[in-house]
Colleague: 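Dumping the structure here so I can ask a few things about it.
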Amino acid sequence: MAYRYKSDLSIRDVTPESFFINRRKLTLGFSAMAAGGLVGFNTANSEEALTETPNTLEEISGYNNYYEFGTGKGDPAKYAGALTTEPWSVKIDGMVENPGEYSLSDLLKKMVLEDRIYRFRCVEAWSMVIPWRGFELADLLEFVGVKKEAKYVAFETLLRPEEMWGQKKNYLDWPYREGLRLDEALHPLSIMATGLYGKALPNQNGAPIRLVVPWKYGFKSIKSIVRITLMEEQPRTSWSIANPREYGFYSNVNPAVDHPRWSQASERKIGSGFVAKRQPTLPFNGYGKEVASLYEGMDLQAFY
Ligand SMILES: Nc1nc2c(c(=O)[nH]1)N[C@H]1C(S)=C(S)[C@@H](COP(=O)(O)O)O[C@H]1N2
Ligand SMILES: [Mo]
């Protein structure tokens with residue numbers, strides 16, 4: 001909650017697309033789906049992140065990873081339109097007080113009424129700066145009630161090969177699965193995103209609801225979520241099943257840990273005609289001040 005930016009936006013928060021800021025009062029009482037651009041920006045980002053201009057909608061929705069629709073960066077924009085995203089529900093089960101199948105539109109209405117929807121801007125861990133709309137995963141977990149035995153949160157993407165042709169190929173173990181340790185999931189920077197640039201999420205970005213974990217590599221941010229399970233054991237994740245040596249459970253952005261096949265010491269922001277200079281990768285993607293304490297005493301070379 002400490003990261004919410006409420007009404008007093010400063011000049012550096014004003015971006016070309018920010019004209020819809022502060023319509024929260026107007027949208028309260030309307031349906032959740034109409035809750036277009038809401039509330040202020042997240043202030044958790046590093047100074048550097050805050051001074052960066054968001055990527056354009058064309059960049060954000062034209063260059064994606066979403067293997068259910070193919071492995072090319074342009075494939076999701078081409079094929080994700082086939083996905084039916086309404087109605088949508090998320091099954092929440094495992095070690096929770098109130099397990100069940102939650103309708104997304106009901107959930108969103110509740111979040112709007114409780115004033116838990118907000119806008120935030122963050123640098124995604126594959127060098128996109130994205131103005132998301134959503135709510136904190138912690139708020140959802142508070143709502144369903146986490147039992148004290150729970151230590152991890154597992155997430156699953158929809159399995160629907162009729163609409164997601166990539167699921168007919170076996171380059172990943174479907175459905176796409178991800179996981180977080182409970183304290184990571186409860187951190188206010190772990191977000192359930194339902195929109196960007198004040199509009200509903202484009203399908204290729206993970207409509208109607210996806211996770212955003214800005215201090216981890218992009219693949220942790222699982223799209224089109226249909227199931228969230230609270231567990232005692234560390235969940236298995238699609239990428240670490242595919243290649244455990246290359247993809248660990250934590251996957252915190254860490255310039256000191258090289259991927260076996262490439263250096264992660266520098267990165268290039270997506271866009272800018274792809275001529276942007278490579279810049280040094282920041283530990284935890286620039287969010288070290290906020291999240292490094294979660295990993296105190298852990299060997300992050302071993303727990304990569
Ligand atoms: N279900 C699912 N979620 C996914 C992926 C995927 O292939 N399937 N790709 C991941 C990867 S590798 C990245 S980099 C981000 C990309 O998110 P974006 O396209 O919204 O930028 O989504 C992540 N979430
Ligand atoms: Mo990625």
Side-chain angles (χ1 to χ4, degrees), residues 63-73 75-76 122-128 130 137 151-159 164 166-167 169-185 187 189-193 204-206 210-229 231-268 270 278 280-288 291-292 294-295 298-304:
Y63 187 90
N64 303 93
N65 268 341
Y66 198 164
Y67 276 30
E68 284 84 340
F69 299 105
T71 56
K73 308 293 181 211
D75 285 345
C122 72
V123 181
E124 255 263 70
W126 72 323
S127 304
M128 288 255 194
I130 303 184
L137 174 57
K151 294 195 178 72
Y152 294 91
V153 188
F155 303 84
E156 265 179 41
T157 293
L158 176 72
L159 182 66
M164 303 168 118
Q167 290 179 335
K169 315 265 174 198
N170 53 15
Y171 40 69
L172 277 182
D173 191 56
W174 311 111
Y176 194 100
R177 262 165 287 166
E178 259 309 333
L180 294 174
R181 210 172 59 193
L182 184 60
D183 60 339
E184 299 177 319
H187 193 280
L189 281 172
S190 294
I191 300 295
M192 301 302 286
Q204 56 267 41
N205 293 91
R210 59 90 59 87
L211 180 68
V212 177
V213 194
W215 72 95
K216 292 176 181 277
Y217 289 106
F219 59 87
K220 295 296 287 185
S221 293
I222 179 172
K223 298 176 170 181
S224 307
I225 295 167
V226 291
R227 186 175 179 193
I228 300 176
T229 308
M231 303 172 63
E232 195 164 356
E233 249 99 81
Q234 181 177 302
R236 305 197 70 206
T237 63
S238 289
W239 284 103
S240 61
I241 291 169
N243 196 333
R245 218 172 62 83
E246 297 193 6
Y247 305 102
F249 177 78
Y250 286 93
S251 301
N252 293 317
V253 174
N254 189 344
V257 176
D258 276 340
H259 184 279
R261 289 182 284 126
W262 55 77
S263 164
Q264 300 192 136
S266 71
E267 63 186 11
R268 192 176 52 188
I270 307 290
R278 293 189 73 86
T281 302
L282 296 171
F284 302 109
N285 200 32
Y287 297 92
V291 302
L294 296 174
Y295 309 102
M298 273 176 78
D299 176 358
L300 295 181
Q301 303 273 342
F303 296 96
Y304 57 96

Colleague: What pair of heavy atoms forms the shortest contact from V123 to Y287, and how long is it?
Modeller: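 Nearest pair, atom of V123 first, then Y287: N-OH, 3.1 Å.
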Colleague: For R227, give me all partners under salt bridge (Lys or Arg N to Asp or Glu O under 4.0 Å), at least two apart in sequence or on another chain.
Modeller: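 Checked R227 against salt bridge (Lys or Arg N to Asp or Glu O under 4.0 Å); matches are D93, E156.
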Colleague: Where the side chain of Y176 meets the backbone of F155, is there a donor-acceptor pair that is under 3.5 Å apart?
Modeller: no
Colleague: Using only atom types and a distance under 3.5 Å, with no angle test, would you say the side chain of N285 pairs donor to acceptor with the backbone of P214?
Modeller: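 It does hold such a pair.
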Colleague: Does any part of the side chain of M192, heavy atoms only, come nearer than 4.5 Å to the side chain of I228, both counted from C-beta?
Modeller: yes
Colleague: Please determine whether side chain to side chain contact (heavy atoms under 4.5 Å, CB included) holds for the pair F249 and S240, giving the CA-CA distance in whole Å, both sets of side-chain angles, and the decisive distance to 0.1 Å.
Modeller: CA-CA 7 Å; F249 177 78; S240 61; 5.8 Å; no
Colleague: Hey, what do you get for CE (M128) to CD1 (I130), rounding to the nearest 0.5 Å?
Modeller: 6.0 Å
Colleague: Is there a side-chain contact between P235 and T229 (heavy atoms, below 4.5 Å)?
Modeller: no
Colleague: Examine distances only and state if a side-chain atom of Q264 and a backbone atom of V257 form a donor-acceptor pair shorter than 3.5 Å.
Modeller: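 Yes.
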Colleague: Can you name the residues that form a side-chain contact (heavy atoms from CB on, under 4.5 Å) with K151, not counting sequence neighbours?
Modeller: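 Listed in chain order: E232.
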Colleague: Go through the structure and list residues passing side-chain contact (heavy atoms from CB on, under 4.5 Å) with P255, not counting sequence neighbours.
Modeller: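 So P255 forms a side-chain contact (heavy atoms from CB on, under 4.5 Å) with T281, P283.
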Colleague: Would Y66 and F69 count as a close aromatic pair, with their ring centres under 6.0 Å?
Modeller: yes
Colleague: Indicate the atoms forming the closest heavy-atom contact of A256 with Q301, along with that distance.
Modeller: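 Result for this residue pair: O-NE2, 3.7 Å.
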Colleague: Test side chain to side chain contact (heavy atoms under 4.5 Å, CB included) on R210 and N205; report intermediate values, then the result.
Modeller: CA-CA 8 Å; R210 59 90 59 87; N205 293 91; 4.2 Å; yes
Colleague: Taking N252 for its side chain and N254 for its backbone only, find out whether a donor-acceptor pair lies under 3.5 Å.
Modeller: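 No, because the side chain of N252 does not come within donor-acceptor range (under 3.5 Å) of the backbone of N254.
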Colleague: Just verifying a value: how many Å separate E184 CD and L189 CG, rounded to the nearest 0.5 Å?
Modeller: 12.0 Å
Colleague: Without swapping roles, check the side chain of K223 against the backbone of Q204 for a donor-acceptor pair under 3.5 Å.
Modeller: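 Here the side-chain-to-backbone pair exists.
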Colleague: Using side chain to side chain contact (heavy atoms under 4.5 Å, CB included), reason through I225 and L158 one step at a time and then give a plain yes or no.
Modeller: CA-CA 6 Å; I225 295 167; L158 176 72; over 6 Å; no
Colleague: Taking the side chain from D173 and the backbone from S238, do they hold a donor-acceptor pair closer than 3.5 Å?
Modeller: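 No; judged by distance alone, with no hydrogens or angles, the pair does not exist.
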Colleague: Could you check N65 against K73 for side chain to side chain contact (heavy atoms under 4.5 Å, CB included), going step by step and ending with a plain yes or no?
Modeller: CA-CA 6 Å; N65 268 341; K73 308 293 181 211; 2.8 Å; yes
Colleague: Write down the atom of V153, the atom of A185, and the distance for their closest heavy-atom approach.
Modeller: CG2-CB, 3.7 Å
Colleague: Test your reading of the model: is there a side-chain donor-acceptor pair from R177 to the backbone of I222, 3.5 Å cut-off?
Modeller: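 Judged by distance alone, no pair lies under 3.5 Å.
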Colleague: What distance do S263 atom OG and R278 atom CZ have between them, rounded to the nearest 0.5 Å?
Modeller: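 The distance works out to 7.5 Å.
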Colleague: Nearest 0.5 angstrom please: L172 CG to I241 CD1, how far?
Modeller: 9.5 Å
Colleague: Between Y67 and W239, does the ring centroid distance fall short of 6.0 Å?
Modeller: yes
Colleague: Looking only at heavy atoms, which two atoms of G166 and Y171 are closest? And how far apart?
Modeller: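 Answer, listing the atom of G166 first, then Y171: CA-OH, 3.4 Å.
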Colleague: For the side chain of Y247 and the backbone of T237, is there at least one donor-acceptor N/O pair under 3.5 Å apart?
Modeller: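 Not confirmed, Y247 side chain does not pair with T237 backbone.
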Colleague: Applying side-chain contact (heavy atoms from CB on, under 4.5 Å), can you list everything that pairs with Q167, at least two apart in sequence or on another chain?
Modeller: E68, L159, P161, M164, W174
Colleague: When you compare the side chain of F284 with that of Y295, does any pair of heavy atoms fall below 4.5 Å?
Modeller: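 SC-SC contact between Y295 and F284 confirmed.
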Colleague: Inspect the contact between E246 and R261 and indicate whether a charged nitrogen and a carboxylate oxygen are less than 4.0 angstrom apart.
Modeller: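 So R261 pairs with E246 through a salt bridge.
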Colleague: Strictly by salt bridge (Lys or Arg N to Asp or Glu O under 4.0 Å), give each pair with a member in residues 236-245 just once, sequence neighbours left out.
Modeller: none
Colleague: Just by modelled atom types, is the G179 backbone N or O under 3.5 Å from a matching donor or acceptor in the K220 side chain?
Modeller: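 Yes; judged by distance alone, with no hydrogens or angles, the pair exists.
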Colleague: So does D299 have more than 12 non-hydrogen atoms from other groups sitting under 6.0 Å from CG?
Modeller: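 Buried by this count: over 12 neighbours within 6.0 Å.
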Colleague: For Y304 together with Y250, are the ring centres under 6.0 Å from each other?
Modeller: no
Colleague: How would you list, by chain and number, every residue that makes a side-chain contact (heavy atoms from CB on, under 4.5 Å) with E233, sequence neighbours excluded?
Modeller: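 If we apply the side-chain contact (heavy atoms from CB on, under 4.5 Å) test to E233, skipping adjacent residues, there are no hits.
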Colleague: Does any N or O in the side chain of K169 come within less than 3.5 Å of the main-chain N or O of G70, such that one atom is a donor and the other an acceptor?
Modeller: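 A pair under 3.5 Å: no.
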Colleague: What are the two closest heavy atoms between L180 and L211, and how far apart are they?
Modeller: CD1-CD2, 4.1 Å
